[in-house]
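Scroll down for the structure; my scribbles are underneath it.
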Amino acid sequence: MEGCGDFLQWLGPDMSMNILMCLKDPSDLVRVCSVSSSWRRFVIENSLSKQLCLRLFPEISSLAHVIEVENMIEPIEVKPDNSMEWECLKRDHRVYAFLARGLTSFVRKDCVSEAIFASSTDNYPEESIQNTLEPSDRVEQRASYWSSEGESDPTVPEILDYKLIAKLCVITEIHVQPFQAYFQLGFPIYSAKAVRFRMGRPRSLMEIGFRDEFEAGRESPLYAFEWTYTSPEFPMAQENCLQKFKLPEPVLCIGGILQVELLGRVQRQELDGLFYICISHVQVVGRPLSSGFDVDIHGPSGRCTLKYYHGAEHCQSPTRAPEG
Amino acid sequence: MSSSLEKNMLILRSSDGEEFIVPEVVAVMSKAIKNMVEDECASNTIPVPNVDANILAMVIEFCKKHDESEAEAASDLKTFDSEFVNRGQEALYDLITAANFRDVKELLDALCQNVAEMIKGKSVHHIRIQFLGYQLFEILTSNFIWNIWCDRDFD
């Protein structure tokens with residue numbers, strides 16, 4: 001089609017907004033900004049990058065106002081008198097464009113970095129939660145799975161906590177494979193009745209590392225983590241396969257902690273008549289924030305600072321133009 | 001109401017004086033006309049200022065199709081929409097102005113989406129040619145390696 005008109009001039013701001021709001025890819029908005037000075041001004045003045053980012057990831061609104069100080073971006077109180085300042089808007093534009101782009105990058109299946117807590121473990125370390133990071137249920141002739149302790153009550157739940165590879169991740173699916181005891185008579189599958197997922201952040205500043213009941217006693221991880229998202233319950237099949245649980249919508253996890261709740265037991269062990277849950281693999285599918293960003297979480301308030309390091313990634317231009 | 005006019009029909013008069021006889025159900029897809037009809041300030045002829053006959057005919061065509069095809073498959077309507085909005089930019093802009101002014105939401109959405117499609121995934125160069133229609137920029141910026149974090153002000 002032959003080109004002709006600049007819609008910004010022809011149609012005015014309202015209709016131009018309508019058009020540009022149809023763009024769903026942050027890269028498109030960034031390109032629009034380079035078309036001309038008037039287009040750039042329009043995109044920045046109307047915070048289109050921010051609006052797009054918040055439309056794509058409504059969870060980000062807790063980081064709603066950002067400011068860049070040296071190489072850092074942190075949320076500040078919204079002050080009505082300066083909220084429309086051009087410099088401020090320009091910063092917002094840059095941050096949100098980058099954030100949206102960082103989060104809409106490729107989807108990966110290996111969003112788990114560490115296993116950090118199991119509410120119980122039958123035999124440690126042979127049946128440790130660490131084994132659930134391994135996709136296969138056998139490693140060098142040995143079975144690889146996590147097993148709960150046995151319970152006579154089939155309703156007793158279990159909890160598995162994982163650390164994700166980035167403190168900001170958009171999670172879309174969680175895959176869980178129950179373990180089939182191929183060495184037991186009748187090959188029982190120790191699945192759970194249902195699963196539920198929580199996402200959140202550490203409550204304290206302490207570095208989160210691996211703890212299981214042997215290290216940390218029976219301290220409930222509920223006290224250690226602040227949950228910002230709880231999924232609906234998904235029924236689990238008693239089948240030895242990687243079962244895929246797709247979240248109703250993508251969830252932004254701020255803080256990088258994921259909890260798998262295993263609700264109810266279905267399989268009794270012949271030997272002792274107790275109910276167990278065994279899991280051979282847990283996989284988390286999503287988009288971790290690219291490495292240019294990091295998040296600091298401040299104390300129990302849950303306030304967090306979004307940091308952006310220049311030059312860590314995507315900064316291909318060696319001659320960055322000076323500000324202003 | 002004139003006797004020759006069928007029941008539930010309205011006459012729309014374009015800015016250049018041409019008249020269109022349109023079923024009321026179609027005409028009221030324009031919120032602006034709907035309000036006039038509801039407020040009973042519509043005589044049998046409704047003037048549609050700022051919209052010429054050519055554009056008004058297109059808007060009516062769109063509304064008619066959407067009115068008829070409520071029962072039709074959504075995919076058919078989608079095909080119609082995409083063909084309908086596939087026009088030269090001038091007509092497209094006139095239609096957007098008309099759809100906005102007459103408040104025809106479905107048409108406005110389809111049109112804006114169509115313009116956005118001309119931007120999606122396109123290079124800056126392509127967008128400039130498409131919408132600004134000149135190549136002066138290319139000379140000015142031939143040595144300019146653009147980067148998303150290169151925060152250069154053009155002003």
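Because only heavy atoms are used, hydrogens play no part in the values below, and waters and symmetry mates are left out as well, while side chains stay in. Per chain, numbering begins at 1; letters A, B, ... match sequence-line order.
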TODO: Please round to the nearest 0.5 Å and tell me the distance separating atom OG of A/Ser38 and atom CG of B/Leu132.
DONE: 7.0 Å

Open item on the list: Once rounded to the nearest 0.5 Å, what's the spacing between atom CD of B/Gln113 and atom CG of A/Leu23?
Closed with: 8.5 Å

- [ ] Could you tell me how the ring of A/Trp39 sits relative to the ring of B/Phe131: parallel (under 30°), tilted (30 to 60°) or perpendicular (over 60°)?
- [x] tilted

Task: Spacing of B/Thr97 atom OG1 and A/Leu11 atom CG [to the nearest 0.5 Å] - done: 5.0 Å

Open item on the list: Would you say that more than 12 heavy atoms from the other residues, nucleotides or ligands in this model lie under 6.0 Å from the NZ of B/Lys122, or not?
Closed with: yes

- [ ] Starting at CG of B/Asp109, measure out to SG of A/Cys22 and round the result to the nearest 0.5 Å.
- [x] 7.0 Å

Task: Interatomic distance, B/Arg128 atom CZ to A/Asp6 atom CG [nearest 0.5 angstrom] - done: 12.5 Å

- [ ] Rounded to the nearest 0.5 Å, what's the gap from CG on B/Asn100 to CE on A/Met15? Could you check?
- [x] 3.0 Å

TODO: Provide the closest heavy-atom pair for B/Lys120 versus A/Asp28 in the form atom of the first, atom of the second, distance.
DONE: CA-OD2, 3.4 Å

- [ ] Evaluate the side-chain proximity of B/Ile119 to A/Leu20: yes if any heavy-atom separation is below 4.5 Å, no if none is.
- [x] yes

- [ ] Would you mind checking which part of B/Leu111 comes under 4.5 Å of any heavy atom in chain A, side chain (CB onward), backbone (N, CA, C, O), both or neither?
- [x] neither

Open item on the list: Enumerate the salt bridge (charged side-chain N to carboxylate O under 4.0 Å, His left out) contacts for residues 53-62 of chain B, please, sequence neighbours excluded, ordered by first and then second residue.
Closed with: none

- [ ] Please report the shortest heavy-atom distance between A/Arg31 and B/Val124, naming the atom on each side.
- [x] O-CG2, 3.7 Å

TODO: Counting only heavy atoms closer than 4.5 Å, note whether A/Leu8 contacts chain B via side chain, backbone, both or neither.
DONE: neither

